[in-house]
Amino acid sequence: LGHLRDSEKIAHIRLARSRSVGPVTFGKLIAKFGSATKAILSLLDGPNARKVTKTSEAERELEQAQKLGATCLFFGEALYPQLLSAISDAPPILYIKGNSALLERQSIAIVGARNASASGLKLTKTIATDLGNQNIVVTSGLARGVDTAAHSATVQTGTIACLAGGIDTIYPHENTNLYHAIAESGLIVSEMPPGTKPQARHFHRRNRIISGLSSGVLIIEAASRSGSLITARFAADQGRDIYAVPGSP
């Protein structure tokens with residue numbers, strides 16, 4: 001562990017962005033070959049050579065992130081968040097923008113209904129504020145409703161927003177001001193290449209990062225078939241604590 005050489009960073013991105021290499025496969029390839037460079041040489045030597053991302057594309061992705069003022073954390077590096085590295089499908093690459101020191105503090109995730117009730121939102125703000133006052137970081141997904149309330153209450157004390165799209169893609173659009181406030185004093189996180197527009201499947205992947213960065217997850221007023229419950233399932237699989245606030249506590 002420690003710091004990857006520049007050539008290994010590019011190989012890391014190439015491998016992570018290659019077709020049919022997801023986070024789990026990426027981890028297995030690194031374990032088998034010892035480095036991304038060696039894993040790529042092996043892939044280029046076989047029938048999957050065409051699926052490997054070109055060096056120029058990886059370099060362009062890294063340049064784009066640097067232009068946006070984002071830092072790239074690579075799985076296996078000392079700076080990569082420890083709790084997140086322990087999950088079975090840890091993101092090979094994590095782009096961050098803002099206050100990276102927040103990754104070293106304890107975090108509780110707060111997620112819940114996009115159309116939460118007034119009392120649900122009030123409770124979100126109260127709990128988030130109390131956590132912030134205890135020096136605990138609040139992590140969420142920048143969605144409408146509960147996520148927005150949780151972030152808004154903790155911008156000054158420490159909040160992490162995990163995005164489904166690229167680190168520069170603000171979604172939903174009405175959270176533009178909140179996004180900029182978090183980038184200023186909190187932390188924005190994404191595993192996707194800059195410029196990626198969020199699609200439905202990206203939100204599921206994003207949810208495992210929300211729980212993966214946190215020691216526990218608080219679910220507020222989640223509907224029975226909601227993304228919040230997917231986050232709860234990830235949290236259970238990752239061995240994290242799960243807390244719930246029902247519709248009318």
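Position 1 is the first residue of the sequence; numbering continues from there.
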Check your understanding: Of I220, T148, V245, which meets side chain to side chain contact (heavy atoms under 4.5 Å, CB included) against T124?
Key -> I220
Under 3.5 Å, side-chain donor or acceptor atoms of residues 62-73 against the rest of the protein: list the pairs with distances, not counting sequence neighbours.
none

Exercise for review: Only counting residues at least two apart or in another chain, list the ones meeting side chain to side chain donor-acceptor pair (under 3.5 Å) with R205.
Suggested key: E191
Review point. Do the non-hydrogen side-chain atoms of S215 and D241 ever get within less than 4.5 Å of each other?
Key: no
Practice item. Spell out, yes or no, whether L178 and I167 are grouped together once hydrophobic residues are joined by side-chain heavy atoms under 4.5 Å, including indirect joins. Key: yes
**Study point:** ring pair (Phe, Tyr, Trp, His ring centres under 6.0 Å) partners of H12, counting only residues at least two apart
**Key:** F26, F74
Practice item. Using the salt bridge (charged side-chain N to carboxylate O under 4.0 Å, His left out) rule, collect all pairs that involve residues 142-153, keeping only residues at least two apart or in two chains. Key: R144-E174
Check your understanding: Between I170 and M192, is there a shared hydrophobic cluster once you connect ILVMFWY residues whose side-chain heavy atoms come closer than 4.5 Å?
Key -> no
Point to revise | Cluster check I127, Y243: I/L/V/M/F/W/Y, side chain < 4.5 angstrom | key: yes
Exercise for review: Just jot down the side chain to side chain donor-acceptor pair (under 3.5 Å) partners of R19, sequence neighbours excluded, or say none.
Suggested key: none
Review point. Quick one: hydrophobic cluster around I242, which other residues, with the 4.5 Å side-chain cut-off, linked directly or via members?
Key: V111, I210, V217, I219, L229
Practice item. Identify the heavy atoms of P91 and F75 that sit nearest to each other, and give their distance. Key: O-CB, 3.9 Å
Revision key, fill the gap. So OG of S185 and CG of L102: to nearest 0.5 Å the spacing works out to 8.5 Å
Exercise for review: Look at the side-chain heavy atoms of Ile, Leu, Val, Met, Phe, Trp and Tyr, link any pair under 4.5 Å apart, and say whether L103 and L79 land in one connected group.
Suggested key: yes
Check your understanding: Going by atom types alone, do Y179 and E184 pair a side-chain donor with an acceptor below 3.5 Å?
Key -> no
Exercise for review: With the side chain counted from C-beta on, respond yes when E77 and K9 share a heavy-atom pair under 4.5 Å apart, and no when they do not.
Suggested key: yes
Point to revise | Rounded distance (nearest 0.5 Å) linking atom OH of Y80 with atom CG of L94 | key: 5.5 Å
Review point. Quick one: side-chain hydrogen bond (donor to acceptor under 3.5 Å, both in side chains) pairs with a partner in residues 154-170, sequence neighbours left out?
Key: H151-T159, T154-T159
Check your understanding: Any chain of hydrophobic side-chain contacts (each under 4.5 Å) joining I93 to V21?
Key -> no
Practice item. Could you note down all residue pairs passing salt bridge (charged side-chain N to carboxylate O under 4.0 Å, His left out) where residues 89-110 supplies at least one of them, sequence neighbours left out? Key: D89-R208
Point to revise | Non-hydrogen side-chain atoms of P194 and E61 separated by less than 4.5 Å | key: yes
Practice item. With the side chain counted from C-beta on, respond yes when T126 and T129 share a heavy-atom pair under 4.5 Å apart, and no when they do not. Key: no
Review point. Any chance CG of N133 has more than 12 other-residue heavy atoms, nucleotides or ligands included, within less than 6.0 Å?
Key: yes
Check your understanding: Is the CD atom of Q82 crowded by more than 12 outside heavy atoms at less than 6.0 Å?
Key -> no
Check your understanding: Can you check whether V138 reaches I160 side chain to side chain, under 4.5 Å on heavy atoms?
Key -> no
Enumerate donor-acceptor pairs with a distance under 3.5 Å from any side-chain N or O in residues 43-51 to protein atoms, sequence neighbours excluded.
none

**Study point:** Residues clustered with I230, ILVMFWY side-chain links under 4.5 angstrom
**Key:** F234
Exercise for review: State the OG-CG distance between S211 and D237, to the nearest 0.5 angstrom.
Suggested key: 8.5 Å
Point to revise | ring pair (Phe, Tyr, Trp, His ring centres under 6.0 Å) partners for Y171, two or more places apart | key: F203
Point to revise | Heavy-atom side-chain proximity of L163 to P198 below 4.5 angstrom | key: no
Point to revise | T139 and S107 side chains, donor-acceptor separation under 3.5 Å | key: yes
Study note, to complete from the structure: In short, salt bridge (charged side-chain N to carboxylate O under 4.0 Å, His left out) pairs touching residues 109-128 with sequence neighbours left out are none
Check your understanding: Do T37 and S35 have side-chain N/O donor and acceptor atoms under 3.5 Å apart?
Key -> no
Check your understanding: Judged by modelled atom types alone, do T55 and R14 share a side-chain donor-acceptor pair under 3.5 Å?
Key -> yes
